[in-house]
Number of protein chains: 2
Amino acid sequence: MTPYELDEIDHQLLRLLQADGRRTFSEMAPEVGLSVAAVKRRIDRMRQAGVITGFTVKIDHAKLGWGIEAFTELRYAGTTSVRDILSSTTRTPEVQAVFTIAGDLDALVHMRVRDINHLQEVIDRLRGTGKVIGTRTLMVLGSWSRED
Amino acid sequence: MTPYELDEIDHQLLRLLQADGRRTFSEMAPEVGLSVAAVKRRIDRMRQAGVITGFTVKIDHAKLGWGIEAFTELRYAGTTSVRDILSSTTRTPEVQAVFTIAGDLDALVHMRVRDINHLQEVIDRLRGTGKVIGTRTLMVLGSWSRED
DNA sequence: TTTGAAAGCACCGGAGT
DNA sequence: ACTCCGGTGCTTTCAAA
């Protein structure tokens, strides 16, 4: 699959939208030196091409009382399919993301919990579902994210 | 810090904005059964309280030719401060996110690269900077993310 | 692929229930 | 708290280059 080619102005628009996804076309137009209609057209085009898959809101989960973040590495029995892994992990509401992994372990799960007891409980829940044969949990102390 | 309390309508609004961060107030108003002004006030309030930290665009990096995603666990020499870890990792452009971690390892780095050679090169770069004394890389085969 | 303008909406403040 | 309303500004489409 040949990558979709962006010129410098497309990159500028993506950067502007990453910093503020609700920025208006009329606000961006003078910043990139094009008319409002041209900006709209470019963004529609990137949406159409699937480069832009959508827009979303950024939420501070700690402010809502979900202050603890952790990654858990899961190892499964040899007979477990990716579909089984996904169906057992993704139905746990504390799980934010699941990455299936090449190599000796099988999945890396990103989760958010309220406190340590809650973390313990979620890990137990994950160990109980399906054919988990081993876990290792990394508690996040701090995080940095590229302009998100 | 006591968590900010959301009622059912606030949760609905957050869900709507997670699915489409550019949804208009007038579109959301009838869906939650309030007036446009009331919706705006609630969202302004959540912004003010820091629950909503912003809005952003979702990008399909694979479509742009950055098709490979990986996590690298980094172990540092005992004298390394968190500031040193962040300054050495975050200036690598392929690094998307850095999590500092409790326990025997020190950081988990999320990165995006174009291909395997590129991955190799970035890992070497990370091993070269600062006081890295060990790495372990998990290549992502697939991923799932809660409504993103 | 761009600009420019017109019509339709959305936003946002204030006053009132 | 919410609703109604009016002024302002943004979005969207289309003709034209």
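Here is how names work: the chains are called A, B, and so on, in the same order as the sequence lines, proteins then strands, and each is numbered from 1. Below, all heavy atoms of this structure are taken into account, side chains as well, without hydrogens, waters or symmetry copies.
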Is the shortest heavy-atom distance from the side chain of B/Asp124 to the side chain of B/Gln120 under 4.5 Å?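 A side-chain contact exists here, since the closest heavy-atom pair is under 4.5 Å.
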
Non-hydrogen side-chain atoms of A/Arg45 and A/Val51 separated by less than 4.5 Å: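 Of all side-chain heavy-atom pairs linking A/Val51 with A/Arg45, none is under 4.5 Å.
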
Can you measure [X] atom [atom1] to [N] atom [atom2] for me and round it to whole angstrom units?
X       : N      : atom1 : atom2 : result
A/Arg47 : D/dT12 : CZ    : P     : 10 Å
A/Phe25 : C/dA10 : CZ    : P     : 15 Å
B/Glu27 : C/dA10 : CD    : C1'   : 11 Å
A/Met28 : D/dC10 : CE    : P     : 12 Å
A/Arg23 : C/dC11 : CZ    : C1'   : 18 Å
A/Ile43 : D/dC10 : CD1   : P     : 15 Å
A/Asp44 : D/dC14 : CG    : P     : 13 Å

What contact category does A/Ser35 fall into here, base, sugar-phosphate, or nothing, at under 4.0 angstrom with non-hydrogen atoms?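 Base: the residue A/Ser35, judged by heavy atoms under 4.0 Å, touches a nucleobase.
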
So what does B/Arg42 touch, heavy atoms closer than 4.0 Å: a base, only the sugar-phosphate, or nothing?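 Contact class for B/Arg42: sugar-phosphate only.
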
Where the side chain of [X] is defined as all heavy atoms beyond and including C-beta, which of [options] is the nearest nucleotide?
X       : options               : result
B/Lys40 : C/dG13, C/dG4, C/dT2  : C/dG13
B/Ala38 : C/dC12, D/dC2, D/dT13 : D/dC2
B/Arg41 : C/dT3, D/dT11, D/dT3  : D/dT3
B/Arg45 : D/dT13, D/dC2, D/dA1  : D/dA1
B/Thr24 : C/dA10, D/dC4, D/dC10 : C/dA10

Residues A/Glu8 and A/Arg42 bridged, charged N to O under 4.0 Å: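 No, no charged N to carboxylate O under 4.0 Å.
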
Side-chain donor-acceptor pair under 3.5 Å between A/His61 and A/Gln96, yes or no?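 Side chains of A/His61 and A/Gln96: no pair found under 3.5 Å.
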
Does A/Val36 or A/Arg22 map to a spot on DNA chain C nearer the 5' end, using the closest nucleotide for each?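 Taking each residue's closest nucleotide, the earlier one in sequence belongs to A/Val36.
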
Is any side-chain N or O of A/Ser26 closer than 4.0 Å to OP1 or OP2 of D/dT11?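 Looking at the OP1 and OP2 atoms of D/dT11, one of them is under 4.0 Å from a side-chain N or O of A/Ser26.
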
Look at the rings of A/Phe71 and A/His110 and say which category their plane angle falls in: under 30° parallel, 30 to 60° tilted, over 60° perpendicular.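 Geometry flag for A/His110 against A/Phe71: parallel rings.
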
